[in-house]
Number of protein chains: 2
Amino acid sequence: MPENQDFDLIDFLPYLLNQAAEESSLAFHQVYKARYGMLRTEWRVLFHLGRYGALTAKDIGARAKMHKTKISRAVAALERRRFLTRTRDQRDKRLEILNLTSAGRAVYADLHDVARSYHQTLVVLFPPEDAERLRMMLRQLAKIS
Amino acid sequence: MPENQDFDLIDFLPYLLNQAAEESSLAFHQVYKARYGMLRTEWRVLFHLGRYGALTAKDIGARAKMHKTKISRAVAALERRRFLTRTRDQRDKRLEILNLTSAGRAVYADLHDVARSYHQTLVVLFPPEDAERLRMMLRQLAKIS
DNA sequence: TGTTGTTAGTTACAAAATCAACTATTACGC
DNA sequence: GCGTAATAGTTGATTTTGTAACTAACAACA
């Protein structure tokens, strides 16, 4: 949308991003919900632990930009399902170090595979350089703050 | 992310889209919340009515891909604030035709302006052709279903 | 004209997100 | 050390969303 006078709200970037995000998340959401009964918050916490290894709730919050109460409840749910364990940090006893169990890692591996193949079905919509540009732009937008 | 073996979940398109969408929506969200006490669902309904003129709840649902209960509640809230009126369609009495009041149109005009200038601050991050490509790709992703 | 099925929209109840208050621990200033 | 402020995380109350059941109106067709 030419950045001149007539600006059409249907081209409003946050709106377009939301539409694309919702639509593209749907199919994957179905999978982790149906397969493991997980919520989006729980998937996200699991994802960060699987991707980055042991983290505290605070770390996850900073990386995923999730509020601490969401994380607290997601961690509790994942712990109930024995997908992670908590260990009190002995140097700073306010902190809990979260680790995936082997069951949790198995779930992560499974969903990682699903994500990879789903990602492929999305990305083939575009020529490779465009997909790469898209990735860069989204990263930049995610950092706006 | 090269579509070969090593796929990194931080490049998972739905994840990137969600991060970018949330981050880029935030500042605008603050505005309509602070200025008019509106929720996102309410802003969206107002936006569609302002952009397209008289519509039924059903129409809005189809365009915005919002569930009818969300729309029903958003319409009720906007009506309470006298931002819209409902008229029963005489040819099909199940339908309600929604119209913005002049107050509603004023809110729309105001937020349209805010959106335009906010959009600009986002879009200048990229060269014009890239921004245009981004727009096209997001539209395509929003249509996936 | 029934009778059956569909559609637009609302409402009630359950699930989840948000916000504020709370506990326990650490950090800072003196 | 002691008192105050800040931090990690939890819990409870309120708000918002999601799901399913519901009402009212229309459509199709015997």
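Values below: every heavy atom of this structure, side chains too, minus hydrogens, waters and symmetry copies. We name chains A, B, ... by the order of the sequence lines, and we start the count at 1 in each one.
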Pair R40(B)-N18(A), side-chain donor/acceptor within less than 3.5 Å
yes
Checklist entry - Would you say the side-chain atoms of D130(A) pair up with the backbone N or O of P127(A), donor to acceptor, closer than 3.5 Å? => result no
*Could you tell me whether R63(A) sits above the aromatic face of Y52(A), with NZ or CZ closer than 6.0 angstrom to the six-membered ring centre and within 45 degrees of the axis?*
yes
**Salt-bridge criterion met for K143(A) and E23(B) (N-O under 4.0 Å)** = no
ask   = OP1, OP2 of dT10(C) versus side-chain N and O of S72(B): anything below 4.0 Å?
value = yes
Whole-Å distance, R94(B) CZ to dT6(C) C1', equals 8 Å
Quick note, T69(A) side chain, CB onward, closest among dT25(C), dT11(D), dG18(D) is dT11(D)
Does the side chain of K70(B) get closer than 4.0 angstrom to OP1 or OP2 of dG18(D) through an N or O atom?
yes
From CG of L84(B) across to P of dG9(C) the rounded distance in Å is 13 Å
Worksheet item: Got a donor-acceptor pair under 3.5 Å from the side chain of R40(A) to the base of dG18(D)?
Response: no
Check your understanding: Counting any heavy atom closer than 4.0 Å, what does L39(A) reach on the DNA or RNA strands: base, sugar-phosphate only, or nothing?
Key -> sugar-phosphate
Separation of dT7(D) atom P from E96(A) atom CD, nearest Å, is 19 Å
**Message:** What's R88(A) touching, base or sugar-phosphate or nothing? Going by heavy atoms closer than 4.0 Å.
**Reply:** nothing
Is R86(B) near enough to dT10(C) that one of its side-chain N or O atoms lies under 4.0 angstrom from OP1 or OP2?
yes
L78(B) atom CG is separated from dG9(C) atom P, nearest whole Å, by 15 Å
_Regarding dG9(C), can its base be found pairing with the side chain of R73(B) as donor and acceptor, where the two atoms are less than 3.5 Å apart?_
no
Is there a side-chain contact between K68(A) and the phosphate of dT10(D), meaning an N or O under 4.0 Å from OP1 or OP2? no
Closest of dT19(D), dC26(D), dG9(D) to the A57(A) side chain is dG9(D)
